[in-house]
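See below for the structure under consideration.
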Amino acid sequence: MADKLFIFDTTLRDGEQVPGCQLNSIEKIEVAKALEGLGVDVIEAGFPVSSPGDFKSVIEISKAVTWPTICALTRAVEKDIDLAAEALRYARRKRIHTGIGTSDYHIRYKFNSTREEILRRAVACVKYAKQYVEDVEFYAEDAGRTDNEYLARVVEAVIQAGATVVNIPDTTGYCLPEQYGAKIRFLKEHVNNVDQAVLSTHCHNDLGMATANTIQGVMNGARQVEVTVNGIGERAGNTSLEEVAMIFKSHREAGIETNINSQKIYSISRMVSGLMNMPVQPNKAIVGRNAFAHSSGIHQDGVLKNRESYEIIDPKDVGIDDNAILLTARSGRAALKHRLQVLGVELEQGVLDKVYEEFLKLADRKKDINDDDVLMLAGKDRTAMQRIKLEYLQVTSGVGLKPVASICLNIAGERFEAAASGNGPVDAAIKAIKSIIHRNMTIQEFLIQAIDKGSDDMGKVHMQVEYANNTYYGFAANTDIIAASAEAFLDAINKFVK
Ligand code: KIV
Ligand code: ZN
(Lines give C-alpha, C1' and ligand atoms only; values in the text may rest on other atoms or scores of the structure.)
(Ligands and ions follow the chains in the order given, each with its own letter.)
Protein backbone atom coordinates (compact mmCIF):
# COMPACT_ATOMS: atom_id res chain seq x y z
CA MET A 1 0.00 0.00 0.00
CA ALA A 2 1.22 3.52 -0.85
CA ASP A 3 2.31 5.89 1.92
CA LYS A 4 0.31 9.08 2.41
CA LEU A 5 2.19 12.32 1.80
CA PHE A 6 0.68 15.35 3.55
CA ILE A 7 0.47 18.49 1.41
CA PHE A 8 1.03 21.66 3.43
CA ASP A 9 0.26 24.70 1.28
CA THR A 10 1.93 27.98 2.18
CA THR A 11 0.78 30.08 -0.81
CA LEU A 12 -1.05 32.39 1.59
CA ARG A 13 1.95 32.83 3.90
CA ASP A 14 5.37 32.26 2.26
CA GLY A 15 3.88 32.91 -1.20
CA GLU A 16 2.15 36.07 -0.11
CA GLN A 17 5.40 37.54 1.24
CA VAL A 18 6.40 38.37 -2.35
CA PRO A 19 6.28 42.16 -2.95
CA GLY A 20 3.23 43.06 -5.00
CA CYS A 21 1.45 39.73 -4.39
CA GLN A 22 -0.56 40.79 -1.36
CA LEU A 23 -4.20 39.72 -1.32
CA ASN A 24 -7.08 41.16 0.63
CA SER A 25 -9.08 38.92 2.99
CA ILE A 26 -11.79 38.19 0.41
CA GLU A 27 -9.22 37.07 -2.14
CA LYS A 28 -7.45 34.94 0.48
CA ILE A 29 -10.70 33.19 1.31
CA GLU A 30 -11.25 32.53 -2.39
CA VAL A 31 -7.79 30.93 -2.64
CA ALA A 32 -8.26 29.00 0.63
CA LYS A 33 -11.53 27.50 -0.60
CA ALA A 34 -9.91 26.53 -3.88
CA LEU A 35 -7.07 24.88 -1.93
CA GLU A 36 -9.64 22.94 0.07
CA GLY A 37 -11.26 21.81 -3.19
CA LEU A 38 -7.86 20.79 -4.50
CA GLY A 39 -7.42 18.50 -1.48
CA VAL A 40 -4.51 20.02 0.44
CA ASP A 41 -4.14 18.73 4.01
CA VAL A 42 -2.86 21.92 5.66
CA ILE A 43 -3.31 25.58 4.74
CA GLU A 44 -0.79 27.98 6.26
CA ALA A 45 -3.09 30.98 6.44
CA GLY A 46 -0.72 33.66 7.68
CA PHE A 47 1.63 35.05 10.30
CA PRO A 48 -0.83 36.74 12.70
CA VAL A 49 1.65 38.89 14.62
CA SER A 50 3.02 40.40 11.40
CA SER A 51 0.00 42.62 10.69
CA PRO A 52 -3.66 43.13 11.63
CA GLY A 53 -4.50 42.02 8.06
CA ASP A 54 -2.78 38.67 8.56
CA PHE A 55 -4.45 38.21 11.94
CA LYS A 56 -7.86 38.87 10.39
CA SER A 57 -7.20 36.60 7.42
CA VAL A 58 -6.36 33.64 9.68
CA ILE A 59 -9.68 34.19 11.48
CA GLU A 60 -11.67 34.48 8.25
CA ILE A 61 -10.01 31.49 6.59
CA SER A 62 -10.60 29.42 9.75
CA LYS A 63 -14.30 30.20 9.47
CA ALA A 64 -14.53 29.60 5.72
CA VAL A 65 -12.73 26.27 5.42
CA THR A 66 -13.86 22.91 6.83
CA TRP A 67 -11.49 20.03 6.10
CA PRO A 68 -7.87 21.17 5.96
CA THR A 69 -5.94 21.97 9.10
CA ILE A 70 -5.42 25.74 9.40
CA CYS A 71 -1.94 26.69 10.43
CA ALA A 72 -0.56 30.00 11.74
CA LEU A 73 3.13 30.90 11.78
CA THR A 74 4.95 32.37 14.78
CA ARG A 75 8.47 33.11 15.93
CA ALA A 76 9.65 31.44 19.14
CA VAL A 77 8.09 34.31 21.03
CA GLU A 78 5.21 34.00 23.52
CA LYS A 79 3.25 37.02 22.25
CA ASP A 80 3.35 35.59 18.67
CA ILE A 81 2.02 32.27 19.94
CA ASP A 82 -0.74 33.96 21.99
CA LEU A 83 -1.90 35.86 18.90
CA ALA A 84 -1.73 32.79 16.65
CA ALA A 85 -3.87 30.81 19.11
CA GLU A 86 -6.40 33.64 19.20
CA ALA A 87 -6.53 33.91 15.40
CA LEU A 88 -7.07 30.14 15.12
CA ARG A 89 -10.00 30.06 17.54
CA TYR A 90 -12.61 29.25 14.86
CA ALA A 91 -10.55 26.60 13.04
CA ARG A 92 -11.98 23.08 13.20
CA ARG A 93 -8.47 21.66 12.93
CA LYS A 94 -5.70 23.97 14.04
CA ARG A 95 -1.93 23.98 14.12
CA ILE A 96 0.64 26.44 15.46
CA HIS A 97 3.87 26.54 13.42
CA THR A 98 6.61 27.92 15.64
CA GLY A 99 10.37 27.81 15.45
CA ILE A 100 13.76 29.43 15.44
CA GLY A 101 16.95 29.56 13.35
CA THR A 102 19.35 26.70 14.10
CA SER A 103 22.27 27.27 11.72
CA ASP A 104 25.41 28.84 13.15
CA TYR A 105 24.74 31.84 10.85
CA HIS A 106 21.42 32.43 12.61
CA ILE A 107 22.66 31.57 16.09
CA ARG A 108 25.72 33.83 15.93
CA TYR A 109 24.63 36.74 13.74
CA LYS A 110 20.86 36.88 14.03
CA PHE A 111 20.49 35.97 17.70
CA ASN A 112 24.00 36.58 19.08
CA SER A 113 23.37 33.42 21.07
CA THR A 114 24.67 29.89 21.63
CA ARG A 115 23.54 26.47 20.46
CA GLU A 116 22.48 25.54 24.03
CA GLU A 117 20.37 28.67 24.43
CA ILE A 118 18.65 28.14 21.05
CA LEU A 119 17.91 24.53 21.99
CA ARG A 120 16.32 25.78 25.21
CA ARG A 121 14.20 28.35 23.35
CA ALA A 122 13.11 25.74 20.78
CA VAL A 123 11.79 23.44 23.53
CA ALA A 124 10.18 26.36 25.38
CA CYS A 125 8.23 27.61 22.34
CA VAL A 126 6.86 24.14 21.57
CA LYS A 127 5.77 23.67 25.20
CA TYR A 128 4.18 27.11 25.21
CA ALA A 129 2.23 26.44 21.97
CA LYS A 130 1.17 23.04 23.31
CA GLN A 131 -0.89 24.80 26.01
CA TYR A 132 -3.15 26.06 23.24
CA VAL A 133 -3.23 23.32 20.58
CA GLU A 134 -2.44 19.64 20.31
CA ASP A 135 -0.94 19.98 16.83
CA VAL A 136 2.34 21.92 17.03
CA GLU A 137 4.80 22.09 14.15
CA PHE A 138 8.37 23.20 14.88
CA TYR A 139 10.60 24.74 12.17
CA ALA A 140 14.37 24.76 12.42
CA GLU A 141 14.99 27.78 10.19
CA ASP A 142 18.01 27.41 7.90
CA ALA A 143 18.15 23.69 8.68
CA GLY A 144 19.68 23.29 5.21
CA ARG A 145 22.90 24.87 6.56
CA THR A 146 22.60 23.49 10.11
CA ASP A 147 25.11 20.93 11.34
CA ASN A 148 23.33 17.54 11.24
CA GLU A 149 24.43 16.39 14.74
CA TYR A 150 23.11 19.57 16.35
CA LEU A 151 19.94 19.49 14.22
CA ALA A 152 19.27 15.94 15.44
CA ARG A 153 19.53 17.11 19.05
CA VAL A 154 17.06 19.94 18.38
CA VAL A 155 14.61 17.64 16.58
CA GLU A 156 14.72 15.05 19.37
CA ALA A 157 14.19 17.72 22.04
CA VAL A 158 11.21 19.38 20.32
CA ILE A 159 9.54 16.02 19.70
CA GLN A 160 10.08 15.24 23.37
CA ALA A 161 8.41 18.61 24.14
CA GLY A 162 5.35 17.61 22.07
CA ALA A 163 5.97 18.69 18.45
CA THR A 164 3.79 16.63 16.12
CA VAL A 165 5.53 17.78 12.94
CA VAL A 166 9.14 18.95 12.51
CA ASN A 167 9.92 21.15 9.53
CA ILE A 168 13.45 21.05 8.07
CA PRO A 169 13.57 24.18 5.89
CA ASP A 170 16.26 24.79 3.32
CA THR A 171 15.58 28.48 3.88
CA THR A 172 18.25 29.77 1.52
CA GLY A 173 17.78 27.13 -1.21
CA TYR A 174 21.40 26.08 -0.76
CA CYS A 175 21.34 22.27 -0.51
CA LEU A 176 22.05 19.82 -3.29
CA PRO A 177 19.36 17.14 -3.62
CA GLU A 178 21.75 14.47 -2.25
CA GLN A 179 22.65 16.66 0.72
CA TYR A 180 19.05 17.43 1.57
CA GLY A 181 18.00 13.78 1.21
CA ALA A 182 20.96 12.71 3.38
CA LYS A 183 19.92 15.25 6.04
CA ILE A 184 16.43 13.76 6.29
CA ARG A 185 17.89 10.24 6.33
CA PHE A 186 20.34 11.27 9.09
CA LEU A 187 17.43 12.50 11.22
CA LYS A 188 15.44 9.33 10.56
CA GLU A 189 18.43 7.25 11.67
CA HIS A 190 19.74 9.31 14.59
CA VAL A 191 16.72 10.83 16.33
CA ASN A 192 15.45 8.26 18.86
CA ASN A 193 11.83 9.46 18.99
CA VAL A 194 11.56 10.39 15.27
CA ASP A 195 8.62 8.00 14.79
CA GLN A 196 6.49 10.13 17.11
CA ALA A 197 6.41 13.04 14.62
CA VAL A 198 6.18 13.71 10.90
CA LEU A 199 9.25 15.22 9.22
CA SER A 200 8.42 17.98 6.75
CA THR A 201 10.31 19.47 3.81
CA HIS A 202 10.29 23.22 3.09
CA CYS A 203 12.59 24.01 0.18
CA HIS A 204 13.35 27.33 -1.50
CA ASN A 205 14.33 27.57 -5.13
CA ASP A 206 17.35 29.90 -5.14
CA LEU A 207 19.42 27.42 -7.14
CA GLY A 208 16.46 25.92 -9.00
CA MET A 209 16.53 22.76 -6.86
CA ALA A 210 13.46 23.17 -4.64
CA THR A 211 11.43 20.39 -6.24
CA ALA A 212 14.42 18.03 -6.57
CA ASN A 213 15.29 18.60 -2.89
CA THR A 214 11.71 18.03 -1.81
CA ILE A 215 11.52 14.75 -3.71
CA GLN A 216 14.81 13.61 -2.16
CA GLY A 217 13.43 14.56 1.26
CA VAL A 218 10.36 12.39 0.69
CA MET A 219 12.37 9.47 -0.72
CA ASN A 220 14.39 9.56 2.51
CA GLY A 221 11.46 9.60 4.91
CA ALA A 222 9.77 13.02 5.06
CA ARG A 223 5.97 12.64 4.92
CA GLN A 224 4.86 16.26 4.66
CA VAL A 225 5.88 18.73 1.94
CA GLU A 226 5.51 22.52 2.19
CA VAL A 227 4.66 23.94 -1.20
CA THR A 228 3.00 26.85 -3.00
CA VAL A 229 0.81 27.10 -6.08
CA ASN A 230 2.98 28.00 -9.13
CA GLY A 231 6.02 27.82 -6.81
CA ILE A 232 5.58 31.44 -5.78
CA GLY A 233 7.44 32.66 -2.72
CA GLU A 234 10.30 34.76 -1.40
CA ARG A 235 13.08 35.45 -3.94
CA ALA A 236 13.14 32.53 -6.43
CA GLY A 237 10.14 30.96 -4.75
CA ASN A 238 9.17 27.75 -2.94
CA THR A 239 8.64 24.20 -4.15
CA SER A 240 5.67 24.15 -6.48
CA LEU A 241 2.66 22.15 -5.37
CA GLU A 242 1.71 21.02 -8.86
CA GLU A 243 5.17 19.62 -9.61
CA VAL A 244 5.32 17.48 -6.45
CA ALA A 245 1.74 16.25 -6.89
CA MET A 246 2.29 15.27 -10.53
CA ILE A 247 5.71 13.68 -9.88
CA PHE A 248 4.21 11.23 -7.38
CA LYS A 249 1.15 10.67 -9.58
CA SER A 250 3.39 9.90 -12.55
CA HIS A 251 5.85 7.73 -10.58
CA ARG A 252 3.57 5.27 -8.84
CA GLU A 253 6.60 3.03 -8.19
CA ALA A 254 7.73 5.56 -5.53
CA GLY A 255 4.82 4.29 -3.40
CA ILE A 256 3.68 7.77 -2.35
CA GLU A 257 0.16 9.13 -2.71
CA THR A 258 -1.38 12.51 -2.02
CA ASN A 259 -4.93 13.69 -1.61
CA ILE A 260 -4.61 16.19 -4.48
CA ASN A 261 -7.37 16.22 -7.08
CA SER A 262 -5.02 16.89 -9.97
CA GLN A 263 -7.82 18.00 -12.30
CA LYS A 264 -8.15 21.18 -10.27
CA ILE A 265 -4.48 22.13 -10.64
CA TYR A 266 -4.81 24.29 -13.74
CA SER A 267 -7.73 26.36 -12.48
CA ILE A 268 -6.09 27.14 -9.14
CA SER A 269 -2.86 28.00 -10.92
CA ARG A 270 -4.72 30.56 -13.04
CA MET A 271 -6.62 31.89 -10.05
CA VAL A 272 -3.46 32.45 -7.99
CA SER A 273 -1.59 33.96 -10.94
CA GLY A 274 -4.48 36.35 -11.67
CA LEU A 275 -5.19 37.41 -8.09
CA MET A 276 -1.53 37.87 -7.21
CA ASN A 277 -0.62 39.58 -10.51
CA MET A 278 2.16 37.05 -10.86
CA PRO A 279 2.52 35.73 -14.42
CA VAL A 280 3.39 32.05 -14.85
CA GLN A 281 6.46 31.62 -17.04
CA PRO A 282 5.39 30.01 -20.35
CA ASN A 283 7.73 27.02 -19.94
CA LYS A 284 6.78 26.36 -16.28
CA ALA A 285 6.36 22.61 -15.71
CA ILE A 286 2.73 21.41 -15.51
CA VAL A 287 0.96 24.80 -15.68
CA GLY A 288 2.98 26.95 -18.12
CA ARG A 289 1.31 27.98 -21.38
CA ASN A 290 3.76 25.86 -23.34
CA ALA A 291 3.79 22.86 -20.97
CA PHE A 292 1.67 20.85 -23.42
CA ALA A 293 2.28 22.78 -26.64
CA HIS A 294 4.11 20.88 -29.33
CA SER A 295 5.60 23.14 -31.95
CA SER A 296 8.12 21.11 -33.91
CA GLY A 297 6.72 19.15 -36.85
CA ILE A 298 8.27 15.89 -35.63
CA HIS A 299 6.66 16.24 -32.20
CA GLN A 300 3.28 17.22 -33.65
CA ASP A 301 3.35 14.23 -35.92
CA GLY A 302 4.33 11.93 -33.02
CA VAL A 303 1.62 13.25 -30.72
CA LEU A 304 -1.05 12.96 -33.42
CA LYS A 305 -0.13 9.30 -33.94
CA ASN A 306 -0.02 8.59 -30.20
CA ARG A 307 -0.09 11.24 -27.51
CA GLU A 308 2.29 9.27 -25.28
CA SER A 309 5.10 9.52 -27.86
CA TYR A 310 5.95 12.95 -26.46
CA GLU A 311 3.62 13.49 -23.51
CA ILE A 312 4.09 11.94 -20.06
CA ILE A 313 0.99 13.62 -18.61
CA ASP A 314 -2.41 13.86 -20.22
CA PRO A 315 -3.29 17.61 -20.05
CA LYS A 316 -6.79 16.60 -18.91
CA ASP A 317 -5.23 15.12 -15.74
CA VAL A 318 -4.29 18.63 -14.62
CA GLY A 319 -7.57 20.14 -15.76
CA ILE A 320 -6.49 21.49 -19.14
CA ASP A 321 -9.42 20.82 -21.38
CA ASP A 322 -7.68 20.79 -24.73
CA ASN A 323 -10.95 20.15 -26.52
CA ALA A 324 -12.18 23.44 -25.09
CA ILE A 325 -14.54 25.40 -27.26
CA LEU A 326 -12.52 28.02 -29.14
CA LEU A 327 -13.65 31.49 -28.16
CA THR A 328 -14.34 33.79 -31.10
CA ALA A 329 -16.52 36.80 -31.87
CA ARG A 330 -19.35 34.32 -32.54
CA SER A 331 -19.21 32.67 -29.09
CA GLY A 332 -22.13 33.20 -26.76
CA ARG A 333 -22.24 34.04 -23.07
CA ALA A 334 -22.49 30.34 -22.17
CA ALA A 335 -19.17 29.57 -23.85
CA LEU A 336 -17.51 32.47 -22.05
CA LYS A 337 -19.04 31.40 -18.73
CA HIS A 338 -17.83 27.81 -19.26
CA ARG A 339 -14.29 28.99 -20.03
CA LEU A 340 -14.26 31.20 -16.93
CA GLN A 341 -15.48 28.29 -14.80
CA VAL A 342 -12.71 26.06 -16.16
CA LEU A 343 -10.31 28.83 -15.11
CA GLY A 344 -11.80 28.91 -11.62
CA VAL A 345 -13.72 32.20 -11.98
CA GLU A 346 -17.42 32.39 -11.07
CA LEU A 347 -19.15 35.64 -12.00
CA GLU A 348 -22.60 36.91 -11.12
CA GLN A 349 -24.90 37.38 -14.13
CA GLY A 350 -24.61 41.21 -14.12
CA VAL A 351 -20.80 41.11 -14.05
CA LEU A 352 -20.73 38.36 -16.67
CA ASP A 353 -22.85 40.52 -18.97
CA LYS A 354 -20.34 43.39 -18.69
CA VAL A 355 -17.38 41.08 -19.24
CA TYR A 356 -19.17 39.61 -22.26
CA GLU A 357 -19.56 43.08 -23.81
CA GLU A 358 -15.82 43.68 -23.37
CA PHE A 359 -15.13 40.21 -24.73
CA LEU A 360 -17.05 40.97 -27.94
CA LYS A 361 -15.10 44.21 -28.43
CA LEU A 362 -11.81 42.37 -27.97
CA ALA A 363 -12.86 39.49 -30.22
CA ASP A 364 -13.46 42.04 -32.99
CA ARG A 365 -9.86 43.21 -32.71
CA LYS A 366 -8.12 39.90 -32.02
CA LYS A 367 -8.67 36.56 -33.74
CA ASP A 368 -7.72 34.11 -30.95
CA ILE A 369 -9.02 34.86 -27.50
CA ASN A 370 -6.89 32.88 -25.07
CA ASP A 371 -7.26 32.12 -21.37
CA ASP A 372 -5.15 35.08 -20.30
CA ASP A 373 -7.35 37.42 -22.31
CA VAL A 374 -10.45 36.01 -20.65
CA LEU A 375 -8.96 36.37 -17.19
CA MET A 376 -7.89 39.92 -17.89
CA LEU A 377 -11.38 40.76 -19.07
CA ALA A 378 -12.89 39.27 -15.93
CA GLY A 379 -10.44 41.23 -13.77
CA LYS A 380 -11.11 44.44 -15.66
CA ASP A 381 -14.42 44.82 -13.98
CA ARG A 382 -12.63 45.54 -10.70
CA THR A 383 -11.72 48.99 -12.05
CA ALA A 384 -15.44 49.86 -12.07
CA MET A 385 -15.20 50.38 -8.30
CA GLN A 386 -12.25 52.76 -8.56
CA ARG A 387 -12.54 56.43 -7.68
CA ILE A 388 -10.33 57.68 -10.51
CA LYS A 389 -11.18 56.34 -13.96
CA LEU A 390 -9.69 56.92 -17.35
CA GLU A 391 -12.38 58.38 -19.63
CA TYR A 392 -10.22 58.82 -22.69
CA LEU A 393 -6.62 58.95 -23.76
CA GLN A 394 -5.38 60.16 -27.10
CA VAL A 395 -1.71 60.07 -28.01
CA THR A 396 0.04 61.38 -31.12
CA SER A 397 3.54 60.10 -31.71
CA GLY A 398 5.73 59.04 -34.59
CA VAL A 399 9.13 59.52 -36.16
CA GLY A 400 10.11 63.21 -36.07
CA LEU A 401 7.17 64.12 -33.80
CA LYS A 402 7.24 65.03 -30.12
CA PRO A 403 4.73 62.66 -28.45
CA VAL A 404 1.74 64.43 -26.95
CA ALA A 405 -1.00 62.87 -24.79
CA SER A 406 -4.46 64.32 -24.12
CA ILE A 407 -6.28 62.71 -21.27
CA CYS A 408 -9.56 62.91 -19.42
CA LEU A 409 -9.93 61.48 -15.91
CA ASN A 410 -13.18 61.01 -14.10
CA ILE A 411 -12.57 61.58 -10.40
CA ALA A 412 -15.59 60.72 -8.27
CA GLY A 413 -17.91 61.80 -11.07
CA GLU A 414 -16.10 65.02 -12.03
CA ARG A 415 -14.19 65.26 -15.34
CA PHE A 416 -10.63 66.65 -15.55
CA GLU A 417 -8.79 67.15 -18.85
CA ALA A 418 -5.07 67.74 -19.45
CA ALA A 419 -2.40 67.43 -22.13
CA ALA A 420 1.36 66.87 -21.85
CA SER A 421 4.33 65.98 -24.01
CA GLY A 422 7.03 63.50 -23.09
CA ASN A 423 10.07 61.47 -24.14
CA GLY A 424 7.78 58.84 -25.54
CA PRO A 425 4.02 58.20 -25.69
CA VAL A 426 3.93 56.44 -22.29
CA ASP A 427 5.90 59.26 -20.67
CA ALA A 428 3.50 61.81 -22.18
CA ALA A 429 0.47 59.90 -20.83
CA ILE A 430 2.01 59.58 -17.34
CA LYS A 431 2.88 63.30 -17.30
CA ALA A 432 -0.67 64.19 -18.32
CA ILE A 433 -2.01 62.12 -15.40
CA LYS A 434 0.47 63.76 -13.02
CA SER A 435 -0.67 67.20 -14.14
CA ILE A 436 -4.17 66.33 -12.87
CA ILE A 437 -3.18 64.40 -9.76
CA HIS A 438 -0.68 66.58 -7.96
CA ARG A 439 1.06 64.14 -5.65
CA ASN A 440 4.72 63.58 -5.06
CA MET A 441 4.77 60.06 -6.49
CA THR A 442 7.50 58.24 -8.39
CA ILE A 443 7.41 55.16 -10.58
CA GLN A 444 10.01 52.69 -9.28
CA GLU A 445 9.36 49.70 -11.50
CA PHE A 446 7.60 49.38 -14.81
CA LEU A 447 7.18 46.03 -16.55
CA ILE A 448 5.45 45.57 -19.92
CA GLN A 449 4.71 42.05 -21.13
CA ALA A 450 2.86 40.70 -24.13
CA ILE A 451 0.48 37.96 -23.05
CA ASP A 452 0.82 35.95 -26.22
CA LYS A 453 2.72 36.26 -29.45
CA GLY A 454 0.89 38.32 -32.07
CA SER A 455 0.87 42.10 -32.65
CA ASP A 456 -2.92 42.01 -31.99
CA ASP A 457 -2.32 40.68 -28.51
CA MET A 458 -3.10 42.09 -25.06
CA GLY A 459 -0.19 43.65 -23.20
CA LYS A 460 0.10 43.53 -19.42
CA VAL A 461 1.68 46.30 -17.39
CA HIS A 462 2.89 45.98 -13.78
CA MET A 463 3.92 49.16 -12.04
CA GLN A 464 5.43 49.96 -8.66
CA VAL A 465 4.72 53.49 -7.42
CA GLU A 466 6.26 55.12 -4.33
CA TYR A 467 4.20 57.68 -2.46
CA ALA A 468 4.67 59.03 1.08
CA ASN A 469 7.25 56.33 1.88
CA ASN A 470 4.88 53.55 0.88
CA THR A 471 4.88 51.26 -2.13
CA TYR A 472 1.75 50.71 -4.22
CA TYR A 473 1.35 48.25 -7.07
CA GLY A 474 -0.70 48.83 -10.19
CA PHE A 475 -1.70 46.41 -12.90
CA ALA A 476 -3.62 46.63 -16.19
CA ALA A 477 -4.03 44.80 -19.46
CA ASN A 478 -5.10 46.24 -22.78
CA THR A 479 -4.46 45.66 -26.48
CA ASP A 480 -3.14 49.26 -26.44
CA ILE A 481 0.08 49.22 -24.44
CA ILE A 482 -0.02 52.99 -23.78
CA ALA A 483 -3.55 52.72 -22.42
CA ALA A 484 -2.43 49.73 -20.29
CA SER A 485 0.42 51.85 -18.88
CA ALA A 486 -1.90 54.73 -17.99
CA GLU A 487 -4.43 52.31 -16.45
CA ALA A 488 -1.74 50.54 -14.39
CA PHE A 489 -0.55 53.92 -13.09
CA LEU A 490 -4.12 54.84 -12.16
CA ASP A 491 -4.63 51.42 -10.55
CA ALA A 492 -1.70 52.18 -8.20
CA ILE A 493 -2.87 55.78 -7.58
CA ASN A 494 -6.38 54.55 -6.73
CA LYS A 495 -4.81 52.65 -3.81
CA PHE A 496 -3.70 55.81 -2.03
CA VAL A 497 -6.00 58.60 -3.32
CA LYS A 498 -9.21 57.96 -1.43
O1 KIV B 1 11.95 29.34 4.68
C2 KIV B 1 11.75 29.21 5.90
O3 KIV B 1 12.63 28.85 6.68
C4 KIV B 1 10.42 29.53 6.40
C5 KIV B 1 10.13 29.22 7.83
C6 KIV B 1 9.59 30.42 8.55
C7 KIV B 1 9.22 28.03 7.94
O8 KIV B 1 9.57 29.98 5.66
ZN1 ZN C 1 10.13 29.64 3.53
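The analysis underlying the following values was restricted to heavy atoms, covering all of them including side chains, and did not include hydrogens, waters or symmetry mates. Each ligand, and each atom within it, is numbered from 1 in the order the structure gives.
Nearest heavy-atom pair, S240 versus V227, reported as atom, atom and distance to 0.1 Å: C-CB, 4.3 Å. The shortest non-hydrogen separation linking S103 to T146 is N-OG1, 3.1 Å. Here the closest non-hydrogen pair linking K130 and A161 is CG-O, 4.0 Å. In terms of heavy atoms, I168 sits closest to A143 at CG2-CB, 3.6 Å.
Of all the atoms in ligand 1, the ones that sit under 4.0 Å from a non-hydrogen atom of N167 are 7 (C). Residue-ligand proximity, E141 to ligand 1, at heavy-atom distances under 4.0 Å covers atoms 3 (O). Within ligand 1, counting atoms from 1 as listed, the ones closer than 4.0 Å to a heavy atom of D14 are 8 (O). The ligand atoms of ligand 1 that sit less than 4.0 angstrom from a heavy atom of T171 are 1 (O), 2 (C), 3 (O). Residue contact check: H204 has heavy atoms under 4.0 Å from atoms 1 (O) of ligand 1.
In terms of distance to the Zn ion (ligand 2), the nearest N, O or S atom of D14 is named OD2. Within H204, the N/O/S atom positioned nearest the Zn ion (ligand 2) carries the name NE2.
For the pair R115 and D147, the salt-bridge criterion is met [side-chain N within less than 4.0 Å of a carboxylate O].
Proximity of Q17 to ligand 1, defined as any heavy-atom pair under 4.0 Å, is not found for any part of the residue. Contacts with ligand 1 closer than 4.0 Å are made by no heavy atom of T10, backbone or side chain. Contacts of E226 with ligand 1, taken as heavy-atom pairs under 4.0 Å, are absent altogether.
Polar contact check, H202 against ligand 1: a nitrogen or oxygen pair lies under 3.5 Å apart. For H97, no nitrogen or oxygen atom sits less than 3.5 Å from a nitrogen or oxygen atom of ligand 1, counting backbone and side chain alike.
Among the atoms of E226, none of the N, O or S atoms falls under 2.8 Å from the Zn ion (ligand 2).
Residue R13 places a heavy atom under 4.0 Å from ligand 1.
Relative orientation of the Y139 and H97 rings is perpendicular, given thresholds of 30° and 60° on the angle between their planes.
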When you look at E36 and K33, which way does the salt bridge (Lys or Arg N to Asp or Glu O under 4.0 Å) test go after all the steps?
CA-CA 5 Å; E36 178 171 37; K33 283 188 166 164; over 6 Å; no
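Side-chain contact, N167 with E226: a donor N or O sits under 3.5 Å from an acceptor N or O. No hydrogens or angles considered: nothing links the side chains of T228 and T10 as a donor-acceptor pair under 3.5 Å.
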